[in-house]
Visitor: 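If you scroll down you'll find the structure; I have some questions about it.
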Amino acid sequence: SISGYLYRVKLTTTAGGCETISNPATLTINPVPNVTSPHTDQTVCEFENAIFSVAANISAGSISSYQWQRSGAVIDAGTDGGAYTGFSTNNLTENNPNRTFTGRIYRVIIRSDQNYPTLTDYKPLTINPLADITDQPDPSVVCVGDNTSFTVVTDGNPTVTNYQWE
């Protein structure tokens, strides 16, 4: 490491080649957090918690804080009516996101105990929407041995590929 090295400058003039030497200046390199496992893109089903996790360390000192951001805005207890937990830890949870949350981007600022930051890259959240049931199955009352049927209707967005009655 070159931290602690001294640097100075020697100035030479065109007037007789006279030299002036500056006072030495010390270079100090402060350690910043090192991201060892970055958070990744998240894809979840609608209303399923989305969790962004990051791991970091630092060569000297300690990590003092994590601050998650969405599109550059700080996330806190009041963001989206309290939709987030862990916004000041290494694990951000977006609780029960709906399909309108798809495309949101997230990053975290990790600070050392000397307040030196490391910023991660933005990573997107993708929400796979649930099927919307527009007509629920109706109750059926039958006698023993009679047949019956149940139906359900969706709006078709997204397309339902499998129906499993339980």
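Since we're looking at a predicted model, the values are computed, not measured. In what follows, every heavy atom counts, from backbone to side chain, and hydrogens, waters and symmetry copies are set aside.
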Visitor: Can you name the closest pair of heavy atoms from Asn30 and Gln114 and give their distance?
Guide: OD1-OE1, 3.3 Å
Visitor: Donor-acceptor check, side chain of Asn90 to backbone of Val54, threshold 3.5 angstrom: yes or no?
Guide: yes
Visitor: Where the side chain of Thr20 meets the backbone of Leu11, is there a donor-acceptor pair that is under 3.5 Å apart?
Guide: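 No.
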Visitor: Which atom pair, heavy atoms only, marks the closest approach of Tyr122 to Gly72?
Guide: OH-N, 2.8 Å
Visitor: Tell me whether Val108 shares a hydrophobic cluster with Tyr116, the cluster being built from Ile, Leu, Val, Met, Phe, Trp, Tyr side chains joined at under 4.5 Å.
Guide: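 No: no chain of side-chain contacts under 4.5 Å links Val108 to Tyr116.
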Visitor: Do the side-chain N and O atoms of Tyr106 and Gln42 include a donor-acceptor pair separated by under 3.5 angstrom?
Guide: no
Visitor: Check the pair Ser71, Gln69 against side-chain hydrogen bond (donor to acceptor under 3.5 Å, both in side chains), reporting the backbone distance first and the verdict last.
Guide: CA-CA 6 Å; Ser71 301; Gln69 294 183 334; over 6 Å; no
Visitor: Count I, L, V, M, F, W, Y as connected when their side-chain heavy atoms are under 4.5 Å apart, and connections chain through other members. Are Leu6 and Ile29 then in the same cluster?
Guide: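 Shared cluster, no.
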Visitor: Testing the basics here: between Thr89 and Trp68, what is the closest heavy-atom pair and its distance to 0.1 Å?
Guide: O-NE1, 2.7 Å
Visitor: Quick one: does Tyr163's side chain get under 4.5 Å of Val152's, heavy atoms only?
Guide: yes
Visitor: State yes or no: do Phe52 and Phe101 share one hydrophobic cluster built from I, L, V, M, F, W and Y residues joined by side-chain heavy-atom distances below 4.5 Å, directly or via other members?
Guide: yes
Visitor: Measuring from Thr154:OG1 to Asp132:CG, what's the distance to the nearest 0.5 Å?
Guide: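 Taking OG1 in Thr154 and CG in Asp132, the distance rounds to 8.0 Å.
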Visitor: Locate the shortest heavy-atom distance separating Val44 from Pro97; write the atom from each residue and the value.
Guide: CG2-CG, 4.4 Å
Visitor: Name all residues meeting the salt bridge (Lys or Arg N to Asp or Glu O under 4.0 Å) criterion together with Asp80; count only those two or more places apart in sequence or in a different chain, and write none if there are none.
Guide: Arg70, Arg104
Visitor: Is a side-chain donor-acceptor pair under 3.5 Å present for Asn95 with Thr93?
Guide: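 Not at all, the side chains of Thr93 and Asn95 share no donor-acceptor pair under 3.5 Å.
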Visitor: Answer yes or no: is there a donor N or O on one side and an acceptor on the other, between the side chain of Glu46 and the main chain of Arg99, under 3.5 Å?
Guide: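 Looks like yes, one N/O pair under 3.5 Å.
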Visitor: Test side-chain contact (heavy atoms from CB on, under 4.5 Å) on Asp41 and Thr126; report intermediate values, then the result.
Guide: CA-CA 8 Å; Asp41 301 5; Thr126 300; over 6 Å; no
Visitor: Verify, without hydrogens or angle tests, whether Gln67 (side chain) and Ile75 (backbone) share a donor-acceptor contact under 3.5 angstrom.
Guide: yes
Visitor: Which atom pair, heavy atoms only, marks the closest approach of Pro33 to Ile58?
Guide: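 Nearest heavy atoms, Pro33 then Ile58: N-CD1, 3.9 Å.
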Visitor: Kindly give the heavy-atom pair with the smallest separation between Cys45 and Ile127, and that separation in Å.
Guide: C-CG2, 4.3 Å
